[in-house]
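Each chain gets a letter, A, B and so on, in the order the sequences are listed, and its residues count up from 1. Not measured: the values here are computed from a predicted model.
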Amino acid sequence: MKIRADILRIYKDVHTWTGIIAGLALFVAFYAGALTVFKHDLAAWVAAPTPETRAVDIGQAGHLIEQTLQARPEAARKLILTLRATDAQPGVLSWKNPEGTRQYLSTFDSSGKLRITEREPTAVADLIDNLHRTAGFVPGDLELGVLVIGVIAMLYGLALVSGLIILLPTLVKDMFALRLGKNLKLMWKDAHNAIGLFSLPFHIVIALTTVVFAFHDQIYDIQDALIYEGRMIEQWTMPAPPIAAPSLAAKQPEPRADATTRRIVAPSAILADLRTLSPGFKPDYMQYYDLGGKRPRVWVHGTDANYMMRYDGFAILDPYTGEIINGSYLPGHTHGWTSWLAVFFALHFATFGGATVQWIYFLLAIAGAFLFYSGNLLWIESRRRRAIKHGIPEQKTSVRVMSALTVGVCLGCIAGVSASLAAGKWLHGLVDNLNTWHVAVYYAVFFLSIAWAFKRGAARAAVELLWACAAATAAIPLTSLLGLLLPFTGLWANMSPSSIGVDIGALVGAACLSWMAIATSRRQRHGQADSVWALARA
Amino acid sequence: MKATRQTDAGRHTAAPPRERSRPARKEQEYDLTKGWAGKTLAGVLCGLAIALIASGLFMLPNAKENMVYDKYQIAMWIVPPIWLAVLSCCYLFRDALRAWLWLGGITVAGFALFKGLAG
């Protein structure tokens with residue numbers, strides 16, 4: 001395709017500038033985003049065992065809720081009945097204090113007596129998610145970080161459009177080209193273009209959905225004034241299309257009991273209704289809100305890999321009558337515009353197609369992180385001063401700063417996440433607030449890596465930090481191994497498929513990072529001497 | 001964003017009018033990097049405004065009294081794609097003033113159209 005040279009020129013500038021501003025933040029967001037796909041497995045890996053909690057028999061769950069509320073009325077605010085247990089969340093009734101720092105677990109012991117224990121729940125799944133949503137910007141301020149990422153996502157969208165435009169004239173020629181060989185810049189460029197082009201649909205979806213997730217409140221506020229003249233609340237509170245609960249259809253409606261004597265519907269009855277309505281729906285947990293209050297609700301969350309789900313599938317019911325208040329996201333009952341919403345969400349969160357799609361998204365996100373890393377490398381390669389005849393030139397400050405930042409931020413993020421996860425087991429029992437320590441360890445490793453990259457120069461630091469990444473990542477399966485072989489150390493290894501999967505994944509990751517360290521070290525010694533990656537330049 | 005090459009603007013590349021058989025005159029090239037900041041600002045602000053107006057048009061008829069479930073959420077979702085599309089195109093204008101006049105004009109006309117239709 002032929003495009004005017006002046007148009008190509010401006011979009012090349014747009015691509016360069018948006019890329020260089022947003023690239024590093026996007027690397028972090030994508031690396032953490034890839035891990036977000038498996039965030040519950042990561043939490044399962046780190047979670048301390050809770051040996052004294054017997055899983056609840058679903059037939060007794062109603063009694064458990066009633067007895068628990070008598071013993072602990074404050075739990076009525078928000079109660080979770082876990083149906084599918086993980087290492088991080090036993091299959092019992094649980095609630096948290098308002099700060100979310102303590103979790104209370106309630107179940108019947110072997111003699112049928114109510115037993116309530118408490119612990120500090122692991123927040124690893126949320127912490128990974130927060131890193132993904134903010135790229136670690138503005139530590140401690142989630143909302144501001146999300147807004148910053150909204151701006152980054154707009155730059156990212158602009159980089160995608162401009163990148164596509166400047167690729168168009170040579171599209172056919174370059175599409176399947178991967179010119180390996182002497183010209184390293186050409187090879188990196190081919191790889192950058194190939195990954196960018198073939199994962200373009202994924203990237204467009206991620207860019208646009210991210211802008212929505214960052215700015216939806218602001219957009220709604222303007223629309224409220226512009227379109228609804230201050231009455232958007234009517235849109236917001238519009239009742240969902242009605243779905244009748246099968247068990248209620250046969251019965252005569254009973255007169256409402258008064259609030260003091262009414263009893264909750266047995267959870268097993270609610271689940272039976274949902275099973276009838278949506279046979280493939282696998283419930284994960286039931287979340288009760290405001291029991292005994294004015295607006296009691298129970299949200300039943302679960303999944304069905306045959307449908308595209310908004311984060312997950314769910315139905316909202318009245319816990320005292322069993323009526324379905326909103327079933328528009330129950331798999332198979334999503335209609336009209338709601339089904340579009342489910343599609344938009346599912347395309348961002350990989351909540352469709354089960355494990356296959358989750359792994360595809362994991363790989364696409366890792367490839368995305370590579371896209372931004374290679375983009376920075378191209379920027380550096382285009383600007384470095386080459387050796388002409390005598391000696392090796394001094395590189396420009398911008399090139400030195402950018403190469404150190406690229407190495408420090410990208411590798412610091414990888415090492416930080418791995419170290420933070422492994423530290424969860426080593427610090428368990430030694431510190432009071434483990435979840436704060438997870439964050440502290442991440443930022444300590446992240447900023448130290450950046451400082452190290454500036455101190456040592458990009459070339460030396462790249463090899464050293466890659467080894468640090470490999471070591472931190474290898475620490476994950478090694479910690480499990482130690483816990484298994486030497487339990488007296490206080491370490492442990494969870495044996496669920498989720499947790500073992502994390503161990504195997506980390507082992508593969510550590511091997512990849514070691515290979516990268518060896519390759520980088522080889523290039524440092526034997527590659528072009530005027531490269532920013534050559535040892536002589538470091 | 002600085003201009004990296006001499007601009008071709010103003011140079012006559014048109015074929016003499018009598019040579020009918022030749023293709024239409026070559027399109028003129030401009031230095032599109034000129035005024036990039038103004039263009040970006042026009043793209044960001046007018047792009048957002050145009051996208052919001054488009055979402056309003058999407059809610060028609062009965063924008064205020066819409067009874068279609070969840071349609072208002074789709075109206076929010078269509079804002080970012082249109083916003084990004086306008087922002088992506090703003091660099092095609094010859095200079096910042098033209099970007100502002102065109103995009104600003106579309107915004108004003110679109111707003112008037114929406115207010116006219118929504119009542």
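Lys71(B) NZ: more than 12 foreign heavy atoms inside a 6.0 Å radius. For CD of Glu143(A), the number of neighbouring non-hydrogen atoms (other residues, nucleotides, ligands) closer than 6.0 Å is 12 at most.
Residue Ala85(B): no heavy atom, backbone or side chain, is found under 4.5 Å from chain A. Contacts of Thr209(A) with chain B are made by both backbone and side-chain atoms, with heavy-atom separations under 4.5 Å. Neither the backbone nor the side chain of Ala118(B) comes within contact range of chain A, judged by heavy atoms closer than 4.5 Å. Looking at Ala207(A), neither its backbone nor its side chain comes within 4.5 Å of chain B, counting heavy atoms on both sides. Looking at Val161(A), only its side chain comes within 4.5 Å of chain B, counting heavy atoms on both sides. For chain A, the nearby parts of Val68(B) are the backbone and the side chain; heavy atoms of each come within less than 4.5 Å. Neither the backbone nor the side chain of Ser162(A) comes within less than 4.5 Å of any heavy atom in chain B. For Tyr156(A), no part sits under 4.5 Å from any heavy atom of chain B, backbone or side chain. Proximity to chain B is limited to the side chain of Ile222(A), based on heavy atoms less than 4.5 angstrom apart.
Separation of atoms CG (Leu48(B)) and CD (Gln218(A)) is listed at 10.5 Å; rounding is to 0.5 Å. Interatomic distance, CD1 of Ile10(A) versus CG of Leu92(B), reported as 9.0 Å (0.5 Å rounding). Taking CG of Leu57(B) as the reference point, atom CD1 of Ile227(A) lies at 8.5 Å (rounded to 0.5 Å). Atom OG1 of Thr338(A) is separated from atom CD1 of Ile74(B) by 8.0 Å, given to the nearest 0.5 angstrom. Once rounded to the nearest 0.5 Å, the distance linking CG of Leu87(B) with CG of Leu158(A) reads 4.5 Å.
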Next on the checklist: Checking Leu341(A) against Asp70(B) for the side chain to side chain contact (heavy atoms under 4.5 Å, CB included) test, could you report, in this order, the C-alpha distance in whole Å, the side-chain angles of both residues, the deciding distance, and whether it holds?
Outcome noted: CA-CA 8 Å; Leu341(A) 295 172; Asp70(B) 269 354; 3.6 Å; yes
Next on the checklist: Before you tell me yes or no, could you show the steps for Tyr91(B) and Asp13(A) under side chain to side chain contact (heavy atoms under 4.5 Å, CB included), namely the whole-Å CA-CA distance, both residues' side-chain angles and the distance that decides it to 0.1 Å?
Outcome noted: CA-CA 11 Å; Tyr91(B) 301 102; Asp13(A) 281 351; over 6 Å; no
Next on the checklist: Lys64(B) vs Glu234(A), test: salt bridge (Lys or Arg N to Asp or Glu O under 4.0 Å). Steps then yes/no.
Outcome noted: CA-CA 9 Å; Lys64(B) 274 166 285 178; Glu234(A) 293 168 16; over 6 Å; no
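In this structure, Val211(A) and Trp83(B) have side chains that are in contact, with non-hydrogen atoms separated by less than 4.5 Å. Taking the side chain as every heavy atom from C-beta outward, Phe111(B) and Leu226(A) approach each other to under 4.5 Å. Looking at Pro80(B) and Ile219(A), their side chains come closer than 4.5 Å, going by heavy atoms from C-beta outward. Contact check for Arg9(A) versus Leu32(B): no side-chain heavy atoms found under the 4.5 Å cut-off.
The two residues Gln223(A) and Ser55(B) come nearest to each other via the heavy atoms NE2-OG, 2.9 Å. The two residues Tyr11(A) and Cys89(B) make their nearest non-hydrogen contact at OH-CA, 3.8 Å.
The residue among Met59(B), Lys115(B), Gln73(B) with the most heavy atom pairs within less than 4.5 Å of chain A is Gln73(B).
Note: Trp236(A) and Tyr72(B) have perpendicular aromatic rings, judged against thresholds of 30 and 60 degrees for the angle between ring planes.
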